[in-house]
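First up is the structure itself, then whatever we jot down about it.
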Amino acid sequence: MYLIIFMINGINVDSLLYCLLFSTLIVLSVIDFRTYEIPVGLNITILALGLIRVAVHYQDWLNHVIGLFAVSVLLWIIYQVSKGRAIGGGDVKLMAAAGLFLGWKNIIFAFCVGCILGAVIHVARMKLSERKGQEANHVLAMGPYLAAGIAIATLFGDSFISWYIALCGF
């Protein structure tokens with residue numbers, strides 16, 4: 001992944017931050033997939049990386065601060081209404097921290113990609129487990145899919161958003 005990051009983004013501070021972010025997302029994904037919990041320390045790590053990124057791109061601070069709230073407020077409301085049955089608190093914190101890192105456009109894109117990946121892959125996993133005669137696991141660890149969406153948005157979000165805006169004629 002580091003090689004891909006440097007090939008796409010070049011050698012700069014952002015690439016270093018992306019490498020640290022991706023490392024954290026990999027650890028987070030494995031832990032969440034196995035335990036259905038995202039450790040607070042990993043979300044704090046992403047938040048710290050986001051603060052560093054805001055300091056590096058201080059002229060764009062408002063975009064990043066809005067990103068902190070863009071998806072996480074909606075998820076927090078869902079978390080409160082469902083009493084934690086629809087989405088986990090770690091997922092809310094993950095999207096807040098990643099929103100600060102990515103900015104509001106890319107965190108919305110990351111959330112959409114993560115939800116699509118989660119829906120498609122989880123349904124496929126449930127179908128495969130039913131075919132094998134195993135009991136289907138209906139519990140969804142959303143962290144790995146959100147992490148994949150964050151990774152995709154980090155590398156390709158700006159390009160995709162520009163392409164989409166041009167396609168729609170805005």
Quick one: closest heavy-atom pair of [X] and [Y], and the distance?
X	Y	answer
Ala151	Leu25	N-CD1, 4.2 Å
Leu100	Gly50	CD2-C, 3.9 Å
Phe101	Arg53	O-NH1, 2.7 Å
Tyr58	Trp61	O-CD1, 3.1 Å
His122	Tyr145	N-OH, 4.2 Å
Gly143	Asp91	N-OD1, 3.6 Å

Trp76 ring center near Tyr79 ring center (under 6.0 Å):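 Not close enough - the centres of the two rings lie 6.0 Å or further apart.
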Parallel, tilted or perpendicular: rings of Tyr164 and Phe160 (30°, 60°):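 Parallel.
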Separation between [atom1] of [X] and [atom2] of [Y], rounded to the nearest 0.5 Å:
X	Y	atom1	atom2	value
Ile26	Met1	CD1	CE	6.5 Å
Leu16	Asn9	CG	CG	11.0 Å
Ile77	Ser82	CD1	OG	11.5 Å
Leu42	Lys93	CG	NZ	12.0 Å
Ile152	Phe109	CD1	CZ	7.0 Å

Path from [X] to [Y] over hydrophobic side-chain contacts below 4.5 Å:
X	Y	answer
Phe33	Ile31	no
Ile8	Leu49	yes
Val30	Val40	no
Leu51	Leu17	yes
Ile150	Ile44	no

Flag if over 12 foreign heavy atoms under 6.0 Å of CG, Leu167: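 Atom CG in Leu167 is crowded, with more than 12 foreign heavy atoms closer than 6.0 Å.
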Enclosure of Glu37 CD (heavy-atom neighbours >12, cutoff 6.0 Å):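 12 or below, so no.
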Short side-chain to backbone donor-acceptor contact, Ser72 and Met95, under 3.5 Å: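 The answer is no, because no donor-acceptor pair under 3.5 Å joins these two groups.
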Exam field: side chain Ser15 to backbone Ile11, donor-acceptor pair closer than 3.5 Å: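 Side chain of Ser15 to backbone of Ile11, a donor-acceptor pair under 3.5 Å: no, none is there.
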Thr154 vs Phe22, side-chain contact (heavy atoms from CB on, under 4.5 Å): CA-CA, chis, key distance, verdict: CA-CA 9 Å; Thr154 300; Phe22 278 45; 3.9 Å; yes
Worked verdict on Ile46 versus Leu21 for side-chain contact (heavy atoms from CB on, under 4.5 Å): CA-CA 6 Å; Ile46 295 171; Leu21 174 68; 3.9 Å; yes
Residue pair Leu28, Asn43: steps toward the side-chain contact (heavy atoms from CB on, under 4.5 Å) verdict: CA-CA 9 Å; Leu28 179 147; Asn43 283 329; 4.0 Å; yes
Partners passing side chain to side chain donor-acceptor pair (under 3.5 Å) against Asn106 (at least two apart in sequence or in another chain):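 If we apply the side chain to side chain donor-acceptor pair (under 3.5 Å) test to Asn106, skipping adjacent residues, the hits are Asp158.
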Pair Val71-Leu74, side-chain contact (heavy atoms from CB on, under 4.5 Å): steps then yes or no: CA-CA 6 Å; Val71 173; Leu74 172 66; 5.7 Å; no
